[in-house]
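Heads up: the structure comes next, in structure tokens.
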Amino acid sequence: MTKIAFIGLGNMGGPMAANLVKAGETVIAFDLVEASRNQARSDGAELATSAAAAVKGVDVVVTMLPAGKHVLAVWNEVVLAMAKGTLIIDCSTIDVDSAKQAHALAAQHGMASVDAPVSGGTGGARAATLTFMCGGDEKAFAAAKPVLEKMGKRIVHCGGAGAGQAAKICNNMILGISMIAVSEAFALAEKLGLSHQALFDVASTSSGQCWSLTSYCPVPGLVATSPANNDYKPGFASALMVKDLTLAQDAAKAAGAATPLGQHAQEIYRAFDADGHGGVDFSGIIHHVRALAGKS
Ligand code: NAD
């Protein structure tokens, strides 16, 4: 049995920690929010009074936090309380630069570290079917894999420090762009008098096929798993898509990569968010696309 400290028990971290308990691990949990701590306790975790207290004597530390600044703040605190050689895994989605700084901090204090952002959303977190995209050296990845397998079903080693975050933002840039492309195609089909079903039947088996169409279709009634069937309740909220597209743009600027469609997708999702739809599933962007007609 492994003793695991889990810090950050929100929409994702809460169910992930619960799955570690279900898999038979001892979990010492901490979050700043009392309601999240109480939920973790009823899920079978032991509670700690601070992040530093949670990591004392554990084999592995997992963090699942909002952004790079939170991860660096927590890692700066916990590395002082962890035993040398402890493995620390960050599953948050953060900027590549902060991820690299976190790895450097861990190395400086003699810890093994992995950045392991996830895809699969809150449904995947609950069902333990997440995909983990991992960055770090071979030894740290090998140690992290059995822990991550208890919370997910695909664990991919993407490369060295920060490579998991790089894979995550590249993937989500494809997702943001492709969801807008699929939404534009349906909006055009509607104007042309082509039925949703006809477009779906053709594009889902032709060269327009993509995940945004066949697994997450932005119009209701075509794909059982689509949030469109559930009034666009997330799923994956548009505000989180803005976050990931912004991370991609920041990384593109810093690395000197040209990503014009990624930039445009960021602008479109930002406008949707600014109109008060940040809590709507990101496939709800089809409403924004339809509303653009006549504005240009
Ligand atoms: P959330 O806001 O629900 O949870 C974050 C938790 O971190 C909160 O409970 C907060 O209280 C806690 N926290 C913040 N600072 C802390 C500190 N110093 N010490 C202890 N706890 C602290 O967010 P979430 O939806 O669980 O997402 C977590 C991460 O996963 C984010 O980086 C997000 O981008 C990423 N992510 C989310 C989804 C999703 O669908 N929600 C999908 C993939 C990736």
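Note that ligands are numbered from 1 as they come in the structure, with each ligand's atoms numbered from 1 the same way. Since we're looking at a predicted model, the values are computed, not measured.
The distance from ligand 1 to the heavy atoms of Ile7 drops below 4.0 Å at these ligand atoms: 20 (C). Close approach of ligand 1 to Ser92 is summarised as follows: ligand atoms under 4.0 Å from at least one heavy atom of the residue are 32 (O). Close contacts between ligand 1 and Phe30 involve ligand atoms 19 (N), 20 (C) [criterion: under 4.0 Å to a heavy atom]. Atom numbering of ligand 1 starts at 1 in the shown order; those under 4.0 Å from a heavy atom of Val33 are 11 (O).
Side-chain N/O atoms of Glu46 and Thr26 include no donor and acceptor closer than 3.5 Å. Inspection of the Ser98 and Asp95 side chains reveals an N or O donor paired with an N or O acceptor under 3.5 Å. Side-chain atoms of Thr63 and Trp75 form a donor-acceptor pair, as typed in the model, at a separation below 3.5 Å. Asn11 and Thr122 share no side-chain donor-acceptor pair at under 3.5 Å.
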Pair Leu222-Phe186, side chain to side chain contact (heavy atoms under 4.5 Å, CB included): steps then yes or no: CA-CA 12 Å; Leu222 296 171; Phe186 276 106; 4.0 Å; yes
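Close N/O approach between Met12 and ligand 1 is found [any backbone or side-chain N/O within under 3.5 Å]. Considering backbone and side-chain N/O of Asp31, one or more are found under 3.5 Å from N/O of ligand 1. For ligand 1, the polar-atom distance check finds an N/O of Leu65 within less than 3.5 Å of one of the ligand's N/O atoms. Residue-to-ligand polar distances place Lys243 within reach of ligand 1: an N/O pair is separated by less than 3.5 Å. When only interatomic distances are considered, the shortest N/O to N/O separation between Asn11 and ligand 1 falls below 3.5 Å.
Nearest protein heavy-atom neighbour of atom 35 (C) of ligand 1: Thr93 OG1, 3.6 Å. Closest protein heavy atom to atom 19 (N) of ligand 1: Leu32 CG, 3.6 Å. Given atom 4 (O) of ligand 1, the protein heavy atom at minimum distance is Gly10 CA, 3.3 Å. Protein heavy atom at the shortest distance from atom 2 (O) of ligand 1 is Pro66 CG, 4.6 Å. Nearest protein neighbour of atom 18 (N) of ligand 1, counting heavy atoms only, is Val74 CG2, 3.5 Å. Of all protein heavy atoms, the one lying nearest to atom 41 (N) of ligand 1 is Leu240 CD1, 3.4 Å.
Screening Lys100, Gln165, Lys168, His103 against Asp115 for a side-chain hydrogen bond (donor to acceptor under 3.5 Å, both in side chains) leaves a single residue, His103.
Across all non-hydrogen atoms, the minimal contact from Ser204 to Thr214 is CB-CG2, 3.7 Å. Pairing each heavy atom of Phe30 with each of Ala51, the nearest pair is CD2-N, 3.4 Å.
Aromatic ring centroids of Tyr269 and His288 lie 6.0 Å or more apart. Taking the centre of each ring, Phe282 and Tyr216 come in below the 6.0 Å mark.
The closest non-hydrogen atom to atom 30 (O) of ligand 1, taken over Arg37, Gln39, Met64, Lys168, comes from Met64.
Salt-bridge check for Lys3 with Glu25: failed, with every basic side-chain N at 4.0 Å or more from each acidic carboxylate O.
Neither the backbone nor the side chain of Asp244 comes within contact range of ligand 1; no heavy atom lies under 4.0 Å.
Atom 23 (O) of ligand 1 lies below 4.0 Å from none of the non-hydrogen atoms of the protein.
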